[in-house]
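Working notes for the structure below.
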Amino acid sequence: MRDNVRRNMPLFSMGIVTKLTELTPRQVRYYEQQELIQPARTVGNQRLFSFNDVDRLLQIKSLMEKGINIAGVKEMLHGEETADQPKETVEVKKPDMSDADLHKLLKRQLSELSARPNQSHLIRGELSRFFH
DNA sequence: CTTCTTACA
DNA sequence: TGTAAGGA
């Protein structure tokens, strides 16, 4: 039930996201302006996207390829809060190796993806398998 | 080199 | 949406 923390864990840079989504930085930033996504920021004001942000971006992309405009996309995607709302239960301090491993795995996968000429498309499904 | 914001073609 | 400018 706490997969959300992983889904909303900010760990993708703009570069990673553009390669993952095949969108231009311009579009990604624009969608953020339209409040379709709300990525976190680093101390240096760098955007940090979560898996949910990427997933949402892909939905937006798909929706717009169908000829739906921002307004339409907004209506459809509104309600699926991207941000992780402050939950009471934070039984923290419990060393969750599962998360650590998953984080490492994600980083490894992303390194490979960003380190070579990639061709997304099936990436959505690829990433999804981390959250079955 | 990568990303950020603002602003204009 | 693309891109230039100027900074971090």
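Chain naming here is simple, since letters A, B, ... match the order of the sequence lines and numbering starts at 1 in each.
Within the 3.5 Å criterion, the main-chain N or O of A:Thr21 finds a donor-acceptor partner in the side chain of A:Lys61.
To the nearest 0.5 angstrom, A:Leu57 atom CG is 4.5 Å from A:Ile37 atom CD1.
Partners of A:Ser62 under the side chain to side chain contact (heavy atoms under 4.5 Å, CB included) rule, at least two apart in sequence or in another chain, do not exist in this structure. Residues meeting the side chain to side chain donor-acceptor pair (under 3.5 Å) test with A:Asn45, sequence neighbours left out: A:Arg41. Residues passing the side chain to side chain donor-acceptor pair (under 3.5 Å) test with A:Arg29, sequence neighbours excluded: none.
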Per-nucleotide protein contact string for nucleotides 2-8 of chain C (B base, S sugar-phosphate only, - none; heavy atom under 4.0 Å): BB-----
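With pairs defined as Watson-Crick or G-U wobble and both atom distances under 3.5 Å, the stems of at least three pairs that touch DNA chain C come out as B:4-8 with C:2-6.
Looking at A:Glu32 and A:Pro39, their side chains come closer than 4.5 Å, going by heavy atoms from C-beta outward. You'll find the side chain of A:Phe12 reaches within 4.5 Å of the side chain of A:Val54, heavy atoms only. Considering only heavy atoms from C-beta on, A:Ser13 comes within 4.5 Å of A:Ile16 through its side chain. The shortest side-chain heavy-atom distance between A:Met14 and A:Phe49 falls under the 4.5 Å cut-off.
Contacts between chain A and DNA chain B, taken as any atom within less than 4.0 angstrom of a protein heavy atom, begin and end at B:dT3 to B:dT5.
For A:Ile60 and C:dT1, the CD1 to P distance is 11 Å, given to the nearest whole Å. Rounding to whole angstrom units, CZ of residue A:Arg29 and P of C:dT1 are separated by 14 Å.
Screening A:Ile70, A:Leu23, A:Thr24 against A:Tyr30 for a side chain to side chain contact (heavy atoms under 4.5 Å, CB included) leaves a single residue, A:Ile70.
A:Phe49 comes within contact range of no nucleotide atom at all, as no heavy-atom separation falls under 4.0 Å.
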